Trainee: 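Shown below is the structure under consideration.
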Amino acid sequence: MPEDTPIIEIRNLDKFFGAFQALTDVSLTVHIGEKVVICGPSGSGKSTLIRCVNRLEEHSGGHLIVDGIELNDHTRNIRAVRMEVGMVFQQFNLFPHLTVLENLTVGPIRVRKIPKAEAISRARKYLDRVHIPEQADKYPAQLSGGQQQRVAIARSLCMEPRIMLFDEPTSALDPEMINEVLDVMTELAESGMTMICVTHEMGFANKVADKMVFMEDGKIVEIAPPSIFFTKPKNPRCQAFLDQILEH
Amino acid sequence: MNNKLHSIAKRLHWMDGVIVAVLILFFGYIWVQIGDQLNYKWRWGLIPNYMFRYDEERERWVANLLVQGLITTIRVCIYASILAVILGTLLGMARVAKNLTIRMLARTYLEILRNIPPVVVIFIFFFFLSEQLITALNIESWARGIARQENNAVWEFFFGDMRRFPSIISGVIVLALFESAFVGEIVRAGIEAIPRGQQEAARSLGMSWIAEMRYIILPQALRKVLPPLANQFISLIKDSAIISLISVQELTYKAVELVSTTRAIFEAWISVAAMYFVLCFSLSMLFSYLERPGKAAAR
């Protein structure tokens, strides 16, 4: 598969919440297998941007093409896209009434319509991948935060998506659990998955990202490979932001 | 045991004695008034016979008026609540639907029911809906057909005398339509109590709205609203007295019948009140026992 085939094309995207403009003229192209890390101060539109990619938010203007499908008001398109785009949330959002295994199989069985036995073996495979095969029969509330987030990652992977979106996946975790989640994400990145991560974990970003994106006030201010981004960013506000979070 | 009595005695105040004395005097006075001034003869001896009587032909005890009525009440309430939960769930989903028309229709239905006296609602449903439906579907002759058959034990078990099937079924429909509005509100509250993230997670897996409701939202919402639903079920039992007005032969209807044949007004109504009370109170005790933490599968 050619490495330079675009899989997500964001062109001149605008997003309004009422009168408030959350995104202004945002353009970004992500290629197959590329890892993009988005950072920026809170309220800069990072989450809004990736939530537009699987249309949890509807964009107000511009074009958004994911996996060759233009996102617009046609429901079929949206569901087709969502099947190919996995999403991991800050608050995990596991289904509390289902066991871990059921959390992992409900999508494949009800959406992909694959046989139950196959869905279960697939679920076990991905639980292995996130290193918690022994938790299959527990309920989410019985797991630690880090374990829950890894289950959430496995739940998305069970749909065998082509793209994974991470919306601040470690922000709700206790510090000692952050690394187990980042390790899983790093392994996923090494397997060649296309990823967009909104995160403030700069160590992870430096190790994994092909492209760093800095956003402020709903605009993309800087796009650069990490080697340049972390050493000599062009934009002074980006530099200020990095100084602030790398201080400690 | 002695200790327990002792501790109760210690908590009593002289005021408690006064209150009890006043109450005894008050009810004693009413008792005497009924006996003397109304010249009322208490005939409690009648009542047991109207609960169960000995059938000479079949040589066994069979249910009489009051117990027959009670059984009908229980049957009607069970079917009506099943139907009300189904309709109410649909209504609750409609109340949070994306489509404005659907939302408005559900809201209209609810507001109409909430702002009209139950008796009027019952009559409207009965004459405009249920009776028409029964005539249109020819249920009357169908039920008579079953009543004439030899092997109708299963039907009789579920619906009693099949000749009265149309009346029971209209009672069930009317009651269910009435209660569904309230069940709908409970279900809506349950759906709205589920965090938004659940919906977002379901959607990002590519689920349709139906699948999202069926597998993610409703199972959680219904589990949350089980306690208020149980209370609504008790309400429904009490509300069911109203369908005696459309000649469903349930407990209240039978009580009216009993009063008109025996003139034992007080005995009949006190007995009926006691039967409703025992039914509703024991259910409410049962539900609160089941609700206790650690009992039901509380997750």
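Just so it is clear: chains get the letters A, B, ... in the order the sequence lines come, proteins before strands, and each one is counted from 1. The shown structure was predicted, so the numbers you read here are calculated from the model rather than taken from an experiment.
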Trainee: Mind ranking B:R196, B:Q220, B:Q199 by heavy-atom pairs under 4.5 Å with chain A and telling me who comes out on top?
Mentor: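 Of the options given, most contacts go to B:Q220.
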Trainee: Side chain, backbone, both or neither: which part of A:F89 has a heavy atom under 4.5 Å from chain B?
Mentor: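 When you check distances to chain B, only side chain atoms of A:F89 fall under 4.5 Å.
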Trainee: Which atoms of A:R55 come close to chain B, meaning under 4.5 Å heavy atom to heavy atom: side chain ones, backbone ones, both, or neither?
Mentor: neither
Trainee: If we define contacts as heavy-atom pairs under 4.5 Å, which of A:V85, A:V81, A:L94, A:I78 has the most with chain B?
Mentor: A:L94
Trainee: Could you tell me if A:D167 and A:S47 have a donor-acceptor pair between their side chains, going purely by distance under 3.5 Å?
Mentor: yes
Trainee: Please state whether the side chain, the backbone, both or neither of A:V111 comes within less than 4.5 Å of a heavy atom of chain B.
Mentor: side chain
Trainee: A side-chain contact here means heavy atoms from C-beta on lying under 4.5 Å apart; do A:V53 and A:I8 qualify?
Mentor: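 Contact flag for A:V53/A:I8 side chains = yes.
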Trainee: Taking side chain to side chain donor-acceptor pair (under 3.5 Å) as the test, write out the residues that go with B:Y109, two or more places apart.
Mentor: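 Expected list: B:S180.
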Trainee: Cut-off 3.5 Å, side chains only: do A:E102 and A:Y139 have a donor facing an acceptor?
Mentor: no
Trainee: Of all of B:E200, B:M207, B:R214, which one pairs up most often with chain A through heavy atoms under 4.5 Å apart?
Mentor: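 Going by pairs under 4.5 Å, I would pick B:E200.
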Trainee: Looking just at side-chain N and O atoms, do A:E9 and A:H63 make a donor-acceptor pair shorter than 3.5 Å?
Mentor: no
Trainee: Which one, A:V88, A:L56, A:L98, A:N54, leads in non-hydrogen pairs under 4.5 Å with chain B?
Mentor: A:L56
Trainee: Using a cut-off of under 4.5 Å on heavy-atom pairs, state which of A:M87, A:M83, A:R110 scores highest against chain B.
Mentor: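 With the most close heavy-atom pairs to chain B, the winner is A:R110.
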Trainee: Below 4.5 Å from any heavy atom of chain B, which atoms of A:L165 appear? Answer side chain, backbone, both or neither.
Mentor: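 Neither part; nothing is under 4.5 Å.
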Trainee: I'd like to check B:L110 versus B:R95 (side-chain heavy atoms, cut-off strictly below 4.5 Å). Are they in contact?
Mentor: yes
Trainee: Does a donor on one side chain and an acceptor on the other come within less than 3.5 Å for B:Q198 and A:H97?
Mentor: no
